[in-house]
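Structure first, then comments.
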Amino acid sequence: MILVMGGAGYIGSHTVKHLIENGYEVVVADNLSMGHREAVTTPHFEIADLADKDSLDRVFKKYKIDSVIHFAAFIAVGESVENPAKYYRNNVIGTINLLDVMLANNVKNIVFSSTAAVFGNPEYTPIDEAHKTSPINPYGWTKLMIEKIFADYHTAYGLNYIALRYFNASGCSTDGTIGESHNPETHLIPLVLKAIKGDRENIKVFGTDYDTPDGTCIRDYIHVEDLALAHRLAIENISKFSGTINLGTSTGTSVKEIINIAEKITGRPCPTVFESRRAGDPAILCADNKKAGEILGWHPTHTMEDIIKTAWNWELNKKY
Ligand code: UFG
């Protein structure tokens, strides 16, 4: 059985759904501080908290767990700057707690949610795994520290790990049953769609003077169902490889392009306001995804259009 920590969250819940559809038995553990009970599609659900090792140990004693996929983390970059203690305590110490309990129960396989934020301001693009890591906020540091802890545990304790560095996770399930629901929402695509729907006044474009063709930031948006597939492939390959893998499409899309595509797909205008740059945003973040292809056989299939269509469908028919 696979334990999915944080399986009630955005990427976790899509991964759980994908694993079940592919015949895996899954138990979700989540403290529901950010996640949604309705997003959990396995019957095996446990309330557990990374800060409470006993609650974790109970899960490992109740189920026969072979591998863990670990999503449980705080993810807001701005908040991590204002309240780093919350991020280091939950993300880093919480993961050490999880590793303690895993090793005590002789579970040695973990797939982990890492992030392109470990790179900081990129020196070249597309970004491969050999690119220097130099986070520019505490959130990125928590993820990089955990990657280092895994590497040391691999050497010392034989931990098998794959840290998946997501670029911009986006989109919702194709069948419309689960989707993205952050509170507060900070991500571009749901905010654009909320502005189009009329749930917010407008979308603020952060910066139009970047060194990009249209002056707005370029990101590599990757559909959450492609990410879910990568987690299954990581579980299936974990005894052969331990290390980090970038997950993106290798194609960049600018903020203005996102707004244009969203207007086309919804057939409605997006009220847009142009503002100055947001602190800490690099001009371009784009993944080199060759390693994911070579090691996992992972090749994303969803287009930018799929991302906006599924996100729009969710925005119109949200269940949570
Ligand atoms: N943006 C706007 N207006 C908004 C929100 C975003 O113009 O209201 C712009 C941002 O400036 C950026 C792009 O849209 O250029 C995407 O922004 P998001 O906030 O959606 O995503 P980020 O690229 O900032 O962050 C994502 C993840 C983080 C992760 C980071 C780096 O959400 O968890 O990628 O990997 F740290």
Side-chain angles (χ1 to χ4, degrees), residues 6 9-12 34 71-81 87 91 112-122 125-127 131 133-144 146-147 163-171 180-182 184-196 199-224 227 244-249 252-262 270-287 289 304 307-308 311:
Y10 171 44
I11 306 172
M34 304 301 281
F71 295 96
F74 292 125
I75 61 158
V77 171
E79 185 190 44
S80 79
V81 176
Y87 278 70
N91 294 7
F112 175 64
S113 290
S114 191
T115 171
V118 299
F119 298 112
N121 285 311
T125 186
I127 302 171
H131 189 288
T133 49
S134 182
I136 53 170
N137 51 63
Y139 166 70
W141 275 111
T142 66
K143 295 288 182 173
L144 187 59
I146 297 164
E147 288 186 1
L164 299 172
R165 293 168 169 169
Y166 318 142
F167 281 61
N168 286 62
S170 48
E180 181 170 17
S181 186
H182 295 111
E185 188 52 79
T186 59
H187 297 98
L188 178 68
I189 291 174
L191 292 178
V192 164
L193 296 174
K194 284 179 204 304
I196 288 178
D199 285 354
R200 53 187 290 126
E201 215 177 313
N202 54 45
I203 181 73
K204 293 181 175 50
V205 174
F206 298 140
T208 52
D209 59 349
Y210 283 98
D211 186 15
T212 59
D214 67 16
T216 64
C217 285
I218 292 177
R219 293 287 179 274
D220 184 340
Y221 295 90
I222 176 75
H223 196 289
V224 67
L227 291 182
T244 58
I245 295 179
N246 291 351
L247 295 181
T249 62
T253 309
S254 76
V255 175
K256 276 190 185 164
E257 285 171 330
I258 293 282
I259 294 171
N260 289 339
I261 298 167
C270 180
T272 304
V273 173
F274 296 101
E275 302 233 329
S276 51
R277 294 182 178 197
R278 181 173 73 175
D281 274 339
I284 304 177
L285 278 177
C286 209
N289 66 11
M304 196 64 234
I307 289 174
I308 306 274

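Both counts, for ligands and for their atoms, begin at 1 and track the order of listing.
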- Just wondering, do His187 and Tyr10 contact through their side chains at under 4.5 Å, heavy atoms? no
- Parallel, tilted or perpendicular: ring planes of Tyr139 versus Tyr87, cut at 30 and 60 degrees: perpendicular
- Task: Decide whether a cation-pi geometry holds between Arg219 and Phe167; the criteria are a distance under 6.0 Å from NZ or CZ to the six-membered ring centre and an angle within 45° of the ring axis.
- Result: no
- Only one of Asn168, Thr253, Thr249, Thr125 passes side chain to side chain donor-acceptor pair (under 3.5 Å) with Asp220; say which it is. Thr249
- Protein neighbours of ligand 1 with a heavy atom under 4.0 Å, given by chain and number, are Ile75, Val77, Thr115, Ala116, Ala117, Tyr139, Asn168, Thr186, His187, Leu188, Leu191, Ile203, Lys204, Val205, Phe206, Cys217, Arg219, Tyr221, Val255, Arg278, Asp281
- Do Ser113 and Lys143 have side-chain heavy atoms sitting under 4.5 Å apart? yes
- Query: Would Val205 and Glu275 satisfy side chain to side chain contact (heavy atoms under 4.5 Å, CB included), going step by step from the backbone distance to the final call?
  - Reply: CA-CA 6 Å; Val205 174; Glu275 302 233 329; over 6 Å; no
